[in-house]
Colleague: 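First the structure, then my questions, so here it is.
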Amino acid sequence: MSYLLAFIVYTIDLGAVYLIFDSLNAVLGAASLIPLAVLICMGVSFLGLRPKPLKKLRSRDRNAVNDAAEELRMSAELLGIKLPRFRVYFNTGSSVNAFAGGFNAIVVTQGMISQYGHDSRIFASVLAHEAAHIKHGDVMFSAIVTVNFIFLSAALTVSLFGAALLVVLIASVLFSVIFSDVTALYFSGGFGRICGKVVGVLKFVVESIGRAVSAIFFRHQELNADKFSAQLGFAYELIFWLEDMSQAECSEQTFFEELLSTHPSPYTRIMKLEDIETSGEFLLK
């Protein structure tokens, strides 16, 4: 699904380039530059996870990660499910988490290893969830959305501040005709600050709407990744992990934070997994 969504976004981008520049050369340039930007974004996001090779872990922790990965592979082989190729890294973060990023990579935190390294099935359930993101192309979709946000933000800044600057210049000319130069400077400066505030609010609203819309797709990806983990036989273990994580959360999200969140609430994820486990629905939609 994410591959299809990424292709749709890519096609829309090319259509927008043609509408703006009315040039096939510009479209051909964008056709090559957009994938390059996506690859760079995927690489940068992976480096942002501060990955370290497993060989830098002490042997006990390294064995725990390898045991969980082997548990996942054995379960997939037993059920006849094809896993994507992936390589596991770790970072020194104390939070209990794991991330899919870069090019077929899963990064687990030291906190995850310390807390769940003793239980290979719970650890494997989280690895299965992250492997699903790789299998479904969620990492690439996230990258192309990020690239679009970067260029949208830049375009909004230039266009909105350009318009505000034009309004300020016109107002300055009018003030200078009606009032003295000192008064014109005072009014145009104050007017410029007001325009800046208005522009900032407009930019924030447009970006927030875009993030809220994209968050809907990201939340759907998370539920699909949970389904994949359940399909591999780790529904109970993933539910246990989510319950553990929900108890560790000290603060509730505000409505706005929940609206922009890329993850469904733990409660929603647990209910979906329990429904799957009860009904025996293990086929991904």
Side-chain angles (χ1 to χ4, degrees), residues 2-3 35-144 146-147 218 221-222 224-226 228-242 244-245 248 262-263:
S2 291
Y3 285 114
L36 178 61
V38 169
L39 292 176
I40 292 172
C41 183
M42 290 172 68
V44 170
S45 65
F46 175 61
L47 294 176
L49 296 174
R50 304 185 305 281
K52 298 179 184 294
L54 293 183
K55 64 182 181 181
K56 291 190 175 183
L57 279 172
R58 55 185 179 178
S59 59
R60 185 180 67 182
D61 288 346
R62 183 169 62 250
N63 291 337
V65 177
N66 288 331
D67 288 347
E70 185 60 27
E71 181 82 37
L72 173 57
R73 292 189 178 96
M74 287 175 59
S75 182
E77 185 176 346
L78 182 65
L79 294 169
I81 298 172
K82 187 176 181 180
L83 285 175
R85 289 187 177 183
F86 63 87
R87 189 169 182 179
V88 183
Y89 298 82
F90 83 100
N91 68 32
T92 56
S94 59
S95 63
V96 180
N97 216 333
F99 315 91
F103 308 95
N104 295 356
I106 297 175
V107 179
V108 297
T109 63
Q110 182 66 60
M112 179 72 188
I113 299 170
S114 300
Q115 188 158 338
Y116 294 100
H118 66 282
D119 193 320
S120 61
R121 284 196 61 83
I122 291 179
F123 207 126
S125 72
V126 178
L127 290 181
H129 175 96
E130 300 307 326
H133 285 311
I134 296 172
K135 183 180 178 71
H136 301 156
D138 297 343
V139 176
M140 184 180 68
F141 176 70
S142 178
I144 196 169
T146 301
V147 167
F218 290 139
Q221 290 172 353
E222 291 299 320
N224 263 348
D226 287 346
F228 186 73
S229 186
Q231 184 186 29
L232 286 163
F234 298 111
Y236 175 78
E237 289 80 6
L238 190 58
I239 288 171
F240 180 88
W241 185 76
L242 287 168
D244 218 8
M245 291 302 96
T262 58
H263 286 62

Colleague: Using the rule given for side-chain contact (heavy atoms from CB on, under 4.5 Å), can you reason through F99 versus V108, listing the C-alpha separation, both sets of side-chain angles and the distance that settles it, and then say yes or no?
Modeller: CA-CA 6 Å; F99 315 91; V108 297; over 6 Å; no

Colleague: Check whether S75 reaches the backbone of E71 with its side chain - one donor and one acceptor, N or O, closer than 3.5 Å.
Modeller: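 Such a contact is absent between S75 side chain and E71 backbone.
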
Colleague: Got a second to check how far M42's CE is from M140's CE, nearest 0.5 Å?
Modeller: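 Spacing of CE (M42) from CE (M140) equals 7.5 Å.
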
Colleague: Could you tell me which non-hydrogen atom of A225 sits nearest to which non-hydrogen atom of A132, and how far apart they are?
Modeller: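 Closest approach of A225 to A132, heavy atoms only: CA-CB, 3.6 Å.
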
Colleague: Say whether, by atom type as modelled, one donor and one acceptor occur between the side chain of N63 and the main chain of S59 under 3.5 angstrom.
Modeller: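 Yes.
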
Colleague: Take F103 and L39, measure what side-chain contact (heavy atoms from CB on, under 4.5 Å) needs, and give me the verdict at the end.
Modeller: CA-CA 9 Å; F103 308 95; L39 292 176; 3.7 Å; yes

Colleague: For side-chain contact (heavy atoms from CB on, under 4.5 Å), just list the numbers for L232 and F228, CA-CA rounded to whole Å, side-chain angles, deciding distance to a tenth of an Å, and then say yes or no.
Modeller: CA-CA 6 Å; L232 286 163; F228 186 73; 3.4 Å; yes

Colleague: Should the pair R87 and F46 be classed as cation-pi, given the thresholds of under 6.0 Å to the six-membered ring centre and 45° from the axis?
Modeller: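 No, R87 does not sit over the ring of F46.
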
Colleague: Return the minimal non-hydrogen interatomic distance between A143 and C41, and the atom names on each side.
Modeller: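 So the two residues come closest at O-SG, 3.9 Å.
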
Colleague: I need the minimum non-hydrogen distance between P84 and I134, along with the two atoms involved.
Modeller: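 Looking at all heavy atoms of both residues, the closest pair is CB-CG2, 3.9 Å.
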
Colleague: Sub-3.5 Å donor-acceptor pair from the side chain of S125 to the main-chain atoms of I122, do we have one?
Modeller: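 It does hold such a pair.
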
Colleague: Any idea which heavy atoms bring S229 and A128 closest together, and the distance?
Modeller: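 In terms of heavy atoms, the two residues are closest at OG-CB, 3.7 Å.
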
Colleague: side-chain contact (heavy atoms from CB on, under 4.5 Å), that's the test. Do Y236 and I239 meet it? Break it down for me.
Modeller: CA-CA 5 Å; Y236 175 78; I239 288 171; 5.7 Å; no

Colleague: Hey, is the main chain of F90 close enough, under 3.5 Å, to the side chain of K56 for a donor-acceptor pair?
Modeller: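 Judged by distance alone, no pair lies under 3.5 Å.
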
Colleague: Can you confirm whether E77 is buried at CD, in the sense that more than 12 heavy atoms of other residues, nucleotides or ligands lie under 6.0 Å from that atom?
Modeller: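 12 or below, so no.
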
Colleague: Taking all non-hydrogen atoms of both residues into account, name the closest pair between M112 and N97 and its distance.
Modeller: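 Nearest pair, atom of M112 first, then N97: CB-O, 3.5 Å.
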
Colleague: Is the side chain of D61 donor-acceptor paired with the backbone N or O of L57 at a distance under 3.5 Å, no angle test?
Modeller: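 Not confirmed, D61 side chain does not pair with L57 backbone.
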
Colleague: Using 30° and 60° as the class boundaries, would you call the ring planes of H133 and H129 parallel, tilted or perpendicular?
Modeller: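 Correct class here is perpendicular.
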
Colleague: Output the distance between atom CG (D226) and atom CZ (F234), rounded to the nearest 0.5 Å.
Modeller: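 It comes to 13.5 Å.
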
Colleague: Are the side chain of S142 and the backbone of D138 linked by a donor-acceptor contact shorter than 3.5 Å?
Modeller: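 Between the backbone of D138 and the side chain of S142 there is no qualifying donor-acceptor contact (under 3.5 Å).
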
Colleague: Could you give me the CA-CA distance, side-chain angles and deciding distance for Q110 and S94, then say whether side-chain hydrogen bond (donor to acceptor under 3.5 Å, both in side chains) is met?
Modeller: CA-CA 6 Å; Q110 182 66 60; S94 59; over 6 Å; no

Colleague: Measuring centre to centre across the rings, with the benzene-like ring taken for any Trp, is F141 within less than 6.0 Å of F218?
Modeller: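 Ring centroids of F141 and F218 are less than 6.0 Å from each other.
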
Colleague: With rounding to the nearest 0.5 Å, note down the distance linking CD1 in I106 to CG in L127.
Modeller: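 Result: 5.5 Å between the selected atoms.
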
Colleague: Can T109 and N91 be counted as having a side-chain donor-acceptor contact under 3.5 angstrom?
Modeller: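 On atom types as modelled, these side chains do not qualify, holding no pair under 3.5 Å.
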
Colleague: Rounded to the nearest 0.5 Å, what's the gap from CG on L47 to CG on L49? Could you check?
Modeller: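 Answer for the CG-CG pair, L47 versus L49, is 8.5 Å.
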
